[in-house]
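Here is the structure we will look at, set down as structure tokens.
Quantities reported herein were computed from a predicted structural model and do not represent experimental measurements. Just so you know, ligand 1 is whichever comes first in the structure, and atom 1 is the first atom listed for that ligand.
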Amino acid sequence: MSKSINPGLMKTDRRNILRGSLMAGAAAMTGVGAMAARRPAQPLKADAVSRNLHKAAAKQTADSTAKPADLSGYTRVKQELVMPPFAPEHEQVATGGPKIIEVTMDTTEKLMVVDEDTGASVWALTYNGSVPGPLIICHEGDMVELTLRNPETSMMEHNIDFHASTGALGGGGLTHVYPGEECVLRWKATKPGCFTYHCAPGGAMIPYHVTHGMNGAVMVLPRDGLKDAQGNPLRYDSIAYIGEQDYYLPKDENGDYKQYEAAGDDYADSLDAMRTLVPTHQVFNGAVGALTGENALKAKVGETVLMVHNSCNVDSRPHLIGGHGDFVWESSFTDVPMTGMETWFVRGGSAAAAMYTFEQPGVYAYVNHNLIIGAMLGGTAHFVVEGKWDNNLMEQVVEPKPFAT
Ligand SMILES: [Cu+2]
């Protein structure tokens, strides 16, 4: 079964992109954009230690007398990355030998609406324009070869730390790109599982970039696919890729969310808000409502969905209301999956996968079961499931009515 994209899923943040580009366009027309473009990249402050770390990582590989990587036996393929909650085309069981999977990501800075009701917005720092960044999928033993491009119009330098990789701060030490620069990093996927990736320019810029959306996930599948405890194959019909994002958006003296003219302008205010450790929003896929209502995830009774949940900065406890995690991998895909889970755990700084086969039609809420976050901060997605109701599983025996006294 090679179907990997949930055809029922809608693009999550088209609305936000539109709003973002419109507002950016308005800024450009008034000259704000041109002014912003002349500004220097945000200086890195209070991060001399991190900076030296990055320099050391780059120097070590530059000074290395190690042999070049042996790429014989690898086949090169391009992976077209797609917007969340979609997953790129991929095989669940690898065919042929190991591959070098070429991907390209642009570090796009854009104004995004976080909550239409309150007008809360953020100059998001993104990979390829989405929060979370796109899902990359490979198999154990493959190499991922990333071209990372920072558009000339950017305000800031960016890089990437792949938790799935080994060495040089996850690649963070080798991928610093200033506006107008690009670089190429190749790393071997030796650990199967779901892993987060994120920007890590140094010091306080690391949480600043991460809490402005600059994170995503890599899924490294075993070459022979997922398995249960007995070694039986487990296959999915679709993937729902969900990124949990904590935002710390500054407010003015009236309690209204502040607006900023360009990416990075909120830096000082954001750091103050971040120090509280209390997010103003904790949303799925970039914005309140990005995966609910019209944007709800779609499935059918009998369909098996793999929910890949990335949470780069905060712990999360996903729960599918009315359903379960039939098989859950919080750690390596080579570990025996947990089964029949009611709620599972995504450690801040990681990604996890949960597989579920829908048995009843209806609307399911997929929430952070810290319900304050789920219901009040935005951490909710909906699955709308079509199919036939099974009274054996549940039946309303008596509908609500006044009881006799
Ligand atoms: Cu960044």
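With sequence neighbours excluded, the residues forming a side chain to side chain contact (heavy atoms under 4.5 Å, CB included) with A69 are L71, R186, listed by chain and number. Residues passing the salt bridge (charged side-chain N to carboxylate O under 4.0 Å, His left out) test with D228: none are found, sequence neighbours excluded. Here T147 pairs with T104, R149, E182, V184 under the side chain to side chain contact (heavy atoms under 4.5 Å, CB included) rule; sequence neighbours left out.
With D266 as reference, Y208 is the one residue of W123, Y260, Y208 to meet the side chain to side chain donor-acceptor pair (under 3.5 Å) rule.
A distance below 6.0 Å separates the ring centres of H309 and Y366.
More than 12 heavy atoms of other residues, nucleotides or ligands sit less than 6.0 Å from atom NZ of K227.
Near-neighbour remark for the Cu ion (ligand 1): protein N, O or S atoms under 2.8 Å are H158 ND1, C199 SG, H209 ND1, M214 SD; waters not counted.
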